[in-house]
Every structure is written in structure tokens, then in C-alpha cells.
Amino acid sequence: MWEVAIKSGRGHADFDVPPLLLRETLIENGYEELPVLGNHAVAVAGLPPIHKDPFDRLLIAQAMVEGITLLTVDSTIAQYPGPIRKV
């Protein structure tokens, strides 16, 4: 949500959905929010420098720490080890 809110506010064409609408829609469809915790931030520091986007690096770290699968269309993110699947 941070990335969507920030990038849509900056006018990025690929982030043109209103953040509130996106959040409400995800929750209505059974998605659960995952808080950003200190151990997620610590895990970011241990990631190899494959990808530079801080939002994506946080998602990767959260997936690794929580043992949940991160789905991505980004082939760079898919290079990380762990629970990441390119779709």
C-alpha cells in the first residue's frame, strides 16, 4: 500500500488505482494485511543487491521471514532465493 500510495501520488501511470479502493477491494476478497516489523527491516539488510527498489526488497524480506510465497511478474525479484514465484 505504501508503494501504491506514493507512486500514484507522483502520477506513475502503472499506479493509477486509488490506494483506498485497492485496499478495500483486497480486504473484501480475503487478503490480510501484514504489518512491517523490525525483523522484516533487519532481513532487508541481509538481502543480496539484486534489486534496488526498497518497496520490493521489503516484500521479499517479509515473504522470507513469514514463510509466505511472494507472487511476482518481475523477473528480477524472482531471482531471489526463498518463497518467491514468478507468475
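Numbering of residues begins at 1 and proceeds along the displayed sequence. Keep in mind the model is a prediction, meaning the values are calculated, not measured. Computed from heavy atoms alone, side chains included, the values below leave out hydrogens, waters and symmetry copies.
- Note that the NZ atom of K7 and the CG atom of D53 stand 4.5 Å from one another [nearest 0.5 Å].
- Using a 4.5 Å heavy-atom cutoff, the side chains of D56 and E3 are in contact.
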Legend entry - CA sep, side-chain torsions, deciding dist, call: L70, M64, side chain to side chain contact (heavy atoms under 4.5 Å, CB included): CA-CA 9 Å; L70 175 63; M64 290 176 164; over 6 Å; no
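- Under a hydrophobic clustering in which Ile, Leu, Val, Met, Phe, Trp and Tyr are joined whenever their side-chain heavy atoms come within less than 4.5 Å, directly or via other members, L22 and F15 fall into the same cluster.
- Contact between P19 and A5 at its shortest, heavy atoms only, is CG-CA, 3.6 Å.
- Residue W2 is not grouped with residue V4 when hydrophobic side chains (ILVMFWY) are merged at heavy-atom distances under 4.5 angstrom, including chains of intermediate members.
- Evaluation of the side chain to side chain contact (heavy atoms under 4.5 Å, CB included) rule for P18 yields L21 as partners, not counting sequence neighbours.
- L26 and I68 are assigned to two separate hydrophobic clusters, defined by single-linkage of ILVMFWY side chains at heavy-atom distances under 4.5 Å.
- Annotation: side chain to side chain contact (heavy atoms under 4.5 Å, CB included) contacts of I50 (sequence neighbours excluded): P48, T76, Q79, Y80.
- Take E32 and apply the side chain to side chain contact (heavy atoms under 4.5 Å, CB included) test, not counting sequence neighbours, and it matches no residue.
- Annotation: side chain of I84 is not in contact with side chain of T69 (no heavy-atom distance under 4.5 Å).
- With hydrophobic clusters built from ILVMFWY side chains whose heavy atoms lie under 4.5 angstrom apart, L47 shares a cluster with I77.
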Atom pairs and distances, donor-acceptor, side-chain atoms in residues 36-45, under 3.5 Å, two or more places apart:
| residue | atom | partner | partner atom | Å |
| --- | --- | --- | --- | --- |
| H40 | ND1 | P35 | O | 3.3 |
| H40 | ND1 | L37 | N | 2.9 |
| H40 | NE2 | E66 | OE2 | 2.8 |

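- Taken from CZ in R23 to CD in E28, the straight-line distance is 10.5 Å, to the nearest 0.5 Å.
- Within the structure, no pair that satisfies the salt bridge (charged side-chain N to carboxylate O under 4.0 Å, His left out) test touches residues 72-87, not counting sequence neighbours.
- N29 is linked by a side chain to side chain contact (heavy atoms under 4.5 Å, CB included) to T25, Y31, counting only residues two or more places apart in sequence or in another chain.
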